[in-house]
J.: 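Pasting a structure below so you can have a look.
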Amino acid sequence: MDRTVNEKMGSSAVQMACVAFGVLGLIGVVVACALPRWKVSSFIGSNIVTAQNSEEGLWMECVVQSTGQQQCKNYDSVLVLPSDLQAARAMTIISIMLATLSLLIVFCGADFTTCVQNEDAKPKINLVGGVGLLLAGLLVIIPVSWSAHIIIRDFNNPLIVAAMKREMGACIYLGWGAGVLLLLAGGLLCCFSRPKSGGSGGTAKYYSNSAPAAAANKNYV
């Protein structure tokens, strides 16, 4: 009995940690998706001192003056955007929705909640939520890494003028961190939420030694 209680308390602690990691990762993905800090101006060569700083995100581009004033403009059309930006938009939105749904599933199937009364079904529910968090983490890391690769490639391209080169913004690093948190949460849930085996492997029948003797006595009567 004490062992079962201790195992349940340990499982609840792991699940609470996974929910915390998942919530932090979800917040990071939302912030990275909303802020225009994927690409920022590169201060190299004669572009070291400039009166304005350019910032680009998934939905808009902004120009920050040296006085602190900021002007932002949404992209005119989705069709004119590069393929990496279109893919990043779709993947981050899907990641946000998948992470939100997975966290709700994990919260319903967690040991520290009473949303689901069936104890045998809780590990399966948590496993589904863990897989969803793993997919959400991958859907964040893929577009962030893709954008980082393009930024580094264009930065090292000698055919591109220095004024047009960009560096990785804060949202790139934030997306990596959020993706790692989601992967960590999903991995822990998949490891510690395995369904219990042996519950449906068959029914064993046991016969007492007195049964044949009782049957023999009936035959003699």
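Reckoned from all heavy atoms, side chains included, excluding hydrogens, waters and symmetry mates. Throughout, residue positions are numbered sequentially from 1 according to the sequence presented.
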J.: In a check of side-chain contact (heavy atoms from CB on, under 4.5 Å) between L24 and each of L181, L184, L182, which one passes?
T.: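 It is L181, the one option of L181, L184, L182 that forms the side-chain contact (heavy atoms from CB on, under 4.5 Å) with L24.
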
J.: Looking at residues at least two apart in the chain, or sitting in another chain, which of them share a side chain to side chain contact (heavy atoms under 4.5 Å, CB included) with I172?
T.: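 Applying side chain to side chain contact (heavy atoms under 4.5 Å, CB included) to I172 gives W38, V144, S147, A148, M168, W176.
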
J.: L104: which other cluster members, linking ILVMFWY side chains closer than 4.5 Å, directly or transitively?
T.: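 Its cluster mates, by chain and number: none.
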
J.: Is it the case that the side chain of N156 and the backbone of I152 share a donor-acceptor pair, with hydrogens and angles ignored and the cut-off at 3.5 Å?
T.: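 A pair under 3.5 Å: yes.
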
J.: So, taking the atom named CD1 in I105 and the one named CD1 in I125, what distance separates them when rounded to the nearest 0.5 Å?
T.: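 Here the interatomic distance stands at 8.5 Å.
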
J.: Check M60 against C72 and note the closest heavy-atom contact, atom names and distance.
T.: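 In terms of heavy atoms, the two residues are closest at SD-CB, 3.8 Å.
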
J.: Restricting to pairs with a member in residues 64-81, which pass salt bridge (charged side-chain N to carboxylate O under 4.0 Å, His left out), not counting sequence neighbours?
T.: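 Sorted result for residues 64-81: K73-D76.
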
J.: Would you call V131 and L189 a side-chain contact if the rule is heavy atoms closer than 4.5 Å?
T.: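 V131 vs L189: side chains apart.
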
J.: For L79, what are the other residues in its hydrophobic cluster, where any two members join if their side-chain heavy atoms are less than 4.5 angstrom apart?
T.: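 Direct or chained contacts put L79 with none.
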
J.: With sequence neighbours excluded, what pairs up with N118 under the side chain to side chain contact (heavy atoms under 4.5 Å, CB included) test?
T.: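 Scan of N118 (side chain to side chain contact (heavy atoms under 4.5 Å, CB included), adjacent residues dropped) gives V116, D120, A121.
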
J.: Between atom CG of L127 and atom SG of C190, what is the distance when rounded to the nearest 0.5 Å?
T.: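 Separation between the atoms: 5.0 Å.
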
J.: Of all residues at least two apart in sequence or in a different chain, which pass the disulfide bond (SG atoms under 2.5 Å apart) check with C108?
T.: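 With sequence neighbours excluded, C108 shows a disulfide bond (SG atoms under 2.5 Å apart) to no residue whatsoever.
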
J.: Could you pull out all residues at least two apart from Q71 that satisfy side chain to side chain contact (heavy atoms under 4.5 Å, CB included)?
T.: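 Applying side chain to side chain contact (heavy atoms under 4.5 Å, CB included) to Q71 gives none.
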
J.: With heavy-atom distances below 4.5 Å as the criterion, would you say the side chains of F21 and L188 are in contact?
T.: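 Touching, per the 4.5 Å side-chain cut-off.
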
J.: Do you know the tightest heavy-atom contact between L133 and A185?
T.: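 Between these two residues, the closest heavy atoms are CD1-CB, 3.9 Å.
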
J.: Are Q15 and D111 close enough that some pair of their side-chain heavy atoms sits under 4.5 Å apart?
T.: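 Sidechains of D111 and Q15: in contact.
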
J.: Measure the spacing between CG of N53 and CD of Q70 and express it to the nearest 0.5 Å.
T.: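 Interatomic distance, N53 CG to Q70 CD, rounded to 0.5 Å: 9.5 Å.
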
J.: Give the other cluster members for M164, using side-chain heavy-atom distances under 4.5 Å between Ile, Leu, Val, Met, Phe, Trp and Tyr residues; answer none if it is isolated.
T.: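 Direct or chained contacts put M164 with I160, V161.
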
J.: Identify every side-chain donor-acceptor pair in residues 29-37 under 3.5 Å, counting partners at least two apart or on other chains, and give the distances.
T.:
unit_1, atom_1, unit_2, atom_2, d
R37, NH1, E55, OE2, 2.5

J.: Cluster partners of W146, using ILVMFWY side-chain heavy atoms under 4.5 angstrom, listed by chain and number?
T.: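 Besides W146, the hydrophobic cluster comprises I150, listed by chain and residue number.
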
J.: Distance-only check: which donor-acceptor pairs under 3.5 Å involve side-chain atoms of residues 85-103, not counting sequence neighbours?
T.:
unit_1, atom_1, unit_2, atom_2, d
Q86, NE2, V78, O, 2.8
Q86, NE2, L81, O, 2.9
R89, NE, L58, O, 2.6
R89, NH2, L58, O, 3.0
T92, OG1, A88, O, 2.6
T92, OG1, R89, O, 3.0
S95, OG, A136, O, 2.8
T100, OG1, I96, O, 2.8
S102, OG, L98, O, 2.7

J.: Check whether more than 12 heavy atoms from other residues, nucleotides or ligands sit under 6.0 Å from atom OH of Y75, and answer yes or no.
T.: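 Atom OH in Y75 is crowded, with more than 12 foreign heavy atoms closer than 6.0 Å.
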
J.: Can you hop from L26 to V23 via hydrophobic side chains spaced under 4.5 Å?
T.: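 Same cluster: L26 reaches V23 through Ile, Leu, Val, Met, Phe, Trp or Tyr contacts under 4.5 Å.
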
J.: Return the set of residues passing salt bridge (charged side-chain N to carboxylate O under 4.0 Å, His left out) with R166 (not counting sequence neighbours), or none when no residue passes.
T.: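 For R166 the salt bridge (charged side-chain N to carboxylate O under 4.0 Å, His left out) partners, ignoring immediate neighbours, are E56.
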
